[in-house]
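As the structure is a prediction and not an experimental result, all values here were calculated from the model. Chain A is the first sequence line, chain B the second, and so forth, proteins listed ahead of strands; every chain is numbered from 1. Just the heavy atoms: all of them, side chains too, but no hydrogens, waters or symmetry mates, feed the values below.
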2 protein chains.
Amino acid sequence: MSVATAEPRPAPGLRERKKARTRDALVEAGMRLFVERGYAATTTEEIAAHADVSQRTFFRYFAGKEDVALDVHAGFDETFYEAVLARPPHEPLFAVLRNAALDDWARLDRAQLNTRLDLARILECCPRLRAAQLRYCLEQQQRLVEELARRRGTDPETDLRPRLAVAAFFSARQTAHLLWSRGEEHGPDELGAALRRCLDELVPAVTEP
Amino acid sequence: MSVATAEPRPAPGLRERKKARTRDALVEAGMRLFVERGYAATTTEEIAAHADVSQRTFFRYFAGKEDVALDVHAGFDETFYEAVLARPPHEPLFAVLRNAALDDWARLDRAQLNTRLDLARILECCPRLRAAQLRYCLEQQQRLVEELARRRGTDPETDLRPRLAVAAFFSARQTAHLLWSRGEEHGPDELGAALRRCLDELVPAVTEP
DNA sequence: AAGATTATGGCAGTCGCTGACATTTGGCAA
DNA sequence: TTGCCAAATGTCAGCGACTGCCATAATCTT
């Protein structure tokens, strides 16, 4: 209610800032080690050591080793979700997702692109981590389903279309990422092309005679 | 080439039969314990003990605790895959998957249905296991993609439609299973209805204006 | 500056999982 | 049957992920 409750933006206090720095340090150290020597070959103790904390503290910031990589993934999902919220209100179901994905892609800078590629490579060669990511995506889907249902004014438990559209969209987007990371070139244009191709071929793929 | 090479069906020898029995015992013990006391609360040593083998032997049959549950899942996927192979050769992409799923469902007996429900319940309350299952499904998809591409006479790396159709199908089927296991009634009719509903709503969900 | 909170470290312990080595068991031929 | 080979199993030691417990140190409050 009060005006001054203030989100933790301006001066969250020393403690909060320190926590944020520790968390960032852990993610950075983790990703660097994952890229350098592989996910499986990196221990949680090493990650903690590189961030100058104990292993015990590592597990106070992350529920598991997987969550370090998933944290990066979460950042990308956040910008996508915002892109969805920014789409015009009466756009058709699947178009919202398709266009939001392209909007989100258009804002990618080089650094984010490289991080995505790192993540894709780590995911590809570690089954356990890939499994964790798939589950994480399932959680993300729920948020989108609710938003899409809200736009249509329907109950997502009764009206299945938001759920089905989101699920189909995720699988197509995942296919696009797979093509891109497996391909020869890894520039932003190639990612955009893969996205368009997969999203636009999805409908014919399920409707063709 | 030879006629008598013989699949391991008639008399696989005592050794093979014993191995099969041990494997079955492990799966049975594992599933029973998972249902009774939960996946997380069941240790691999307990499973091994209930099957009268050492823990080390357990890990010679299964790469991980997850694989016990996934083994059951694999059985279901097998019958579905056979149903796909049995569909007429020139059926449209998505129709092959849809109809195969319904064919497969039509052959379900009560025991299999109960096992599916057990599995669904175990999966639902254990994030790690759910993650493993999602990854496993991803592997299964590859097999289907290749079969569908073979039918069309295309290369699955170039022609994306088989891959996209399979991915969309899996997400719809998964939604159906979710609805069914969360629903009130868990008879075969409810599962069939959920399947039909999800598969038939998928196309409108991605094409609606 | 004292006291209440909260973050951190250290330690012991459980569990999933693996490599190495010895032992047993089934398959097969002499 | 006997004896040999290969495969299956058990035992043991050990690593790494992860957690609970308690003491300590850093921040926040008044």
Side-chain angles (χ1 to χ4, degrees), chain A residues 4-6 8 10-27 29-30 33-34 37-71 122 126-133 135, chain B residues 6 8 10-27 29-30 33-34 37-71 122 126-133 135:
Chain A
T5 31
L14 178 68
R15 188 170 255 163
E16 294 305 315
R17 270 181 289 141
K18 203 170 176 180
K19 281 209 307 185
R21 260 190 294 129
T22 301
R23 190 185 179 84
D24 290 349
L26 284 169
V27 172
L33 291 171
F34 292 164
R37 58 182 86 163
Y39 177 80
T42 303
T43 71
T44 56
E45 267 178 337
E46 286 171 331
I47 301 175
H50 277 76
D52 270 309
V53 293
S54 70
Q55 189 200 33
R56 192 65 188 83
T57 295
F58 172 90
F59 282 108
R60 286 202 178 90
Y61 281 85
F62 298 97
K65 196 167 89 170
E66 305 156 347
D67 292 29
V68 175
L70 260 37
D71 194 74
I122 296 168
C126 182
R128 282 208 122 92
L129 188 53
R130 174 138 210 102
Q133 182 230 9
R135 196 187 71 80
Chain B
L14 179 67
R15 189 168 254 165
E16 295 304 316
R17 269 180 289 141
K18 202 170 178 183
K19 280 209 305 185
R21 260 190 294 128
T22 302
R23 191 185 179 84
D24 290 348
L26 284 170
V27 172
L33 291 171
F34 292 164
R37 58 181 86 163
Y39 176 79
T42 304
T43 71
T44 57
E45 266 178 337
E46 286 170 332
I47 301 175
H50 278 77
D52 270 307
V53 293
S54 69
Q55 188 201 31
R56 191 66 186 85
T57 294
F58 171 89
F59 282 109
R60 286 201 177 91
Y61 280 85
F62 298 97
K65 196 168 90 170
E66 302 154 348
D67 292 29
V68 176
L70 259 36
D71 195 74
I122 296 168
C126 181
R128 282 208 122 93
L129 188 53
R130 174 137 209 105
Q133 181 231 10
R135 196 186 71 79

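At a threshold of 4.5 Å between non-hydrogen side-chain atoms, the residues L33(A) and Y39(A) do not count as touching. Looking at F58(B) and E45(B), their side chains never come closer than 4.5 Å, going by heavy atoms from C-beta outward. No side-chain heavy atom of Q133(B) sits less than 4.5 Å from a side-chain heavy atom of L129(B). With contacts defined as side-chain heavy-atom distances shorter than 4.5 Å, the pair Q55(B)/T43(B) does not qualify. Between Y61(B) and V68(B) the shortest side-chain heavy-atom distance does not fall below 4.5 Å. Using a 4.5 Å heavy-atom threshold, the side chains of H50(B) and L26(B) count as separate.
Taking atom CD on E45(B) and atom C1' on dC17(C), their separation rounds to 11 Å, with Å as the unit. Whole-Å rounding puts the Y39(B) OH to dC15(C) C1' distance at 12 Å. Atom P of nucleotide dC15(C) and atom CD of E66(B) are separated by 17 Å, given to the nearest angstrom.
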Quiz item: What string of B, S and - do you get for nucleotides 18-30 of chain C, 5' to 3', when a contact is any protein heavy atom under 4.0 Å?
Solution: BBB----BBS---
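Side-chain N/O atoms of T57(A) include one lying less than 4.0 angstrom from OP1 or OP2 on dG9(C). Checking the phosphate oxygens (OP1, OP2) of dT8(C), a side-chain nitrogen or oxygen of Y61(A) falls inside 4.0 Å.
On the nucleic acid side, DNA chain D has its first and last nucleotide under 4.0 Å of a heavy atom of chain A at dA17(D) to dC28(D), going 5' to 3'.
Side-chain atoms of T42(B) come within 3.5 Å of backbone atoms of G38(B) as a donor-acceptor pair (strictly under, hydrogens ignored).
Listed by first and then second residue, the salt bridge (Lys or Arg N to Asp or Glu O under 4.0 Å) pairs that reach into residues 51-70 of chain A are E66(A)-R128(B), sequence neighbours excluded.
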